[in-house]
2 protein chains.
Amino acid sequence: MTAPDPPSSRDRILEAARRLFHEQGFHATGISTILRESSANSGTLYHYFDNKDALLVGVLEYYTRLLHPAVMGPVEQATGDGIERVFILLQNYRDGLASLDFRMGCPIGNLALEVADDHAAARDLIVRNFENWAANVHAWLESARDRLPFSTDLAAMSRFILTVMEGGMMQARAARDIAPMDQSIAHLRAYFDLLQTQAAAERTARGGNSPGDRS
Amino acid sequence: MTAPDPPSSRDRILEAARRLFHEQGFHATGISTILRESSANSGTLYHYFDNKDALLVGVLEYYTRLLHPAVMGPVEQATGDGIERVFILLQNYRDGLASLDFRMGCPIGNLALEVADDHAAARDLIVRNFENWAANVHAWLESARDRLPFSTDLAAMSRFILTVMEGGMMQARAARDIAPMDQSIAHLRAYFDLLQTQAAAERTARGGNSPGDRS
DNA sequence: GCGTAAATTGAACGATCAATCAAATGACCG
DNA sequence: CGGTCATTTGATTGATCGTTCAATTTACGC
């Protein structure tokens, strides 16, 4: 059992930038603060990153790598039920927000609204993070395919779930009150319950058309 | 018919700040830009506003005043149906985002994620804007009370609708593609359809318990 | 131990930041 | 016209912004 390597300068800088961007936002975080918090010098930072935007890209790539190990993996460990996974995932975000005194919220969502219009490379990575998140949830939903109505668009549903997470966190964070997020999750749960009821009716009816089918 | 008064210096500054905060965000907007765009001098700005934060507060108060005349009123003109109003409102946000080439998004939501943690006064106004928005939608839903299941929490539902709007806009804006928002709205519509079907069943059953009731 | 490249140091740069203030001008009242 | 207060001017402040770079130290193959 060897002692873990001390984190490299590059990693310390990246981790400080990640944390500060999350705590304060991109524009509100100065390079000097990142240097102080990572015990690095400006020359070292600019040795590894061309400029502040490249640092942001590095942070977003880090989040991309982290998505499954840190976010999706634990949920998949908790249960094999695709639908239950969705609500464990949302509950994890909920608990994380409340445990941090309603500060910070979703780092990707924050950056999406702050920098998406101006930083093309960052925007691409933000979009990719959203896509990976939704694709993972989509796979969960596919595993519960037979418990949902035949006509339900599961890709759109995974987007909808991300919508509920981001919109709920935005309101709960602003209000410093978890209620808006809990209420949003509760309505998503009610929606799933109705869909499952409908799917059960479909199964007994053997392919009869469904009440919510708007085609 | 008299010619309208030319806007006062204070109004020009406020309008420039509002637009620039919306286009670029709060931290990314410099005082000097606001001065240039409003053709004012720094002394004039600081005569009316103590500092940049007070200017932000002024902008948020302006949004508060604007909510009903500019956002809710037109929807209420379009139809008297409480449920249909919800989807016209969402469609208006959707069309606004698409017509601006997926830039900017909801100004309140942007500020919520950028400044909510640090600026107490701004946070209060952001919360109030969300509350007013949800309260207005809540009133619409109450007017359709008998078409929704008895047990449905309409206050929570109005929060849920705001969640769908903000979360959908976030994704659509980042992706520069309206699809994630349309998909989210479509699922909200499917949810409402199921609720209305359930409510109709309740009415014929005269108070029987409902499938989605999770008490 | 030597040579070379990578990594690190930290002072310094020009630009821009939010904010100040004494002086000038404008509006309104008696 | 004189007096008074609100408004506007714009040069200027010190701080902080992101960034540069020549010099120095460290790491590593031969």
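The sequence lines fix the lettering, A, B, ..., with proteins before strands; numbering per chain opens at 1.
When the P atom of C/dA7 is taken as reference, atom CZ of A/Phe49 falls 12 Å away, rounded to whole Å. Spacing between atom CZ of A/Arg36 and atom P of C/dG10 amounts to 16 Å, rounded to whole angstrom units. Summarising the geometry, the separation between CD1 on B/Ile13 and P on C/dA18 is reported as 14 Å, rounded to the nearest angstrom. Between the CG atom of A/Leu35 and the P atom of C/dA11 there is a distance of 13 Å, given to the nearest Å. Across the protein-nucleic acid pair, A/Arg10 atom CZ and C/dA6 atom P stand 15 Å apart, rounded to whole Å.
Between B/Gln196 and B/Asp193 there is a side-chain heavy-atom pair separated by less than 4.5 Å. Side-chain contact check for A/Phe192 versus A/Ile161: some heavy-atom pair is nearer than 4.5 Å.
For B/Phe26, the ring-ring contact (aromatic ring centres under 6.0 Å, His included) partners at least two apart in sequence or on another chain are B/Phe21, B/His119.
At D/dT8, none of the side-chain N or O atoms of B/His47 fall inside 4.0 Å of OP1 or OP2 (strictly under the cut-off). OP1 or OP2 of C/dT8 lies within a sub-4.0 Å distance of a side-chain N or O belonging to A/Tyr48.
Shown here for B/Glu23 and B/Met104, the closest heavy-atom pair between the two residues is CG-SD, 3.4 Å.
Residues B/Glu114 and A/His27 have side chains that never bring a donor and an acceptor to within less than 3.5 angstrom of each other. Side chains of A/Gln183 and A/His187: no donor on one and acceptor on the other come within 3.5 Å.
The residues A/Arg189 and A/Glu84 are annotated as salt-bridged, a charged nitrogen and a carboxylate oxygen being separated by less than 4.0 angstrom. Salt-bridge check for B/Glu15 with B/Arg18: passed, with a basic side-chain N closer than 4.0 Å to an acidic carboxylate O.
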Name the pairs: protein N/O against N/O of nucleotides 16-18 of chain D, kept only if under 3.5 Å.
{"from": "D/dC17", "atom 1": "OP2", "to": "A/Ser32", "atom 2": "OG", "distance (Å)": "3.1"}
{"from": "D/dG18", "atom 1": "OP1", "to": "A/Thr29", "atom 2": "O", "distance (Å)": "3.4"}
{"from": "D/dG18", "atom 1": "OP1", "to": "A/Lys52", "atom 2": "NZ", "distance (Å)": "2.7"}
{"from": "D/dG18", "atom 1": "OP2", "to": "A/Ile31", "atom 2": "N", "distance (Å)": "2.6"}

Shorter than 3.5 Å, N or O on both sides, protein versus nucleotides 9-14 of chain D: list them out with atom names.
{"from": "D/dT9", "atom 1": "OP2", "to": "B/Asn41", "atom 2": "OD1", "distance (Å)": "2.6"}
{"from": "D/dT9", "atom 1": "O5'", "to": "B/Asn41", "atom 2": "OD1", "distance (Å)": "2.8"}
{"from": "D/dG10", "atom 1": "O6", "to": "B/Gly43", "atom 2": "N", "distance (Å)": "2.8"}
{"from": "D/dA11", "atom 1": "N6", "to": "B/Ser42", "atom 2": "OG", "distance (Å)": "2.9"}

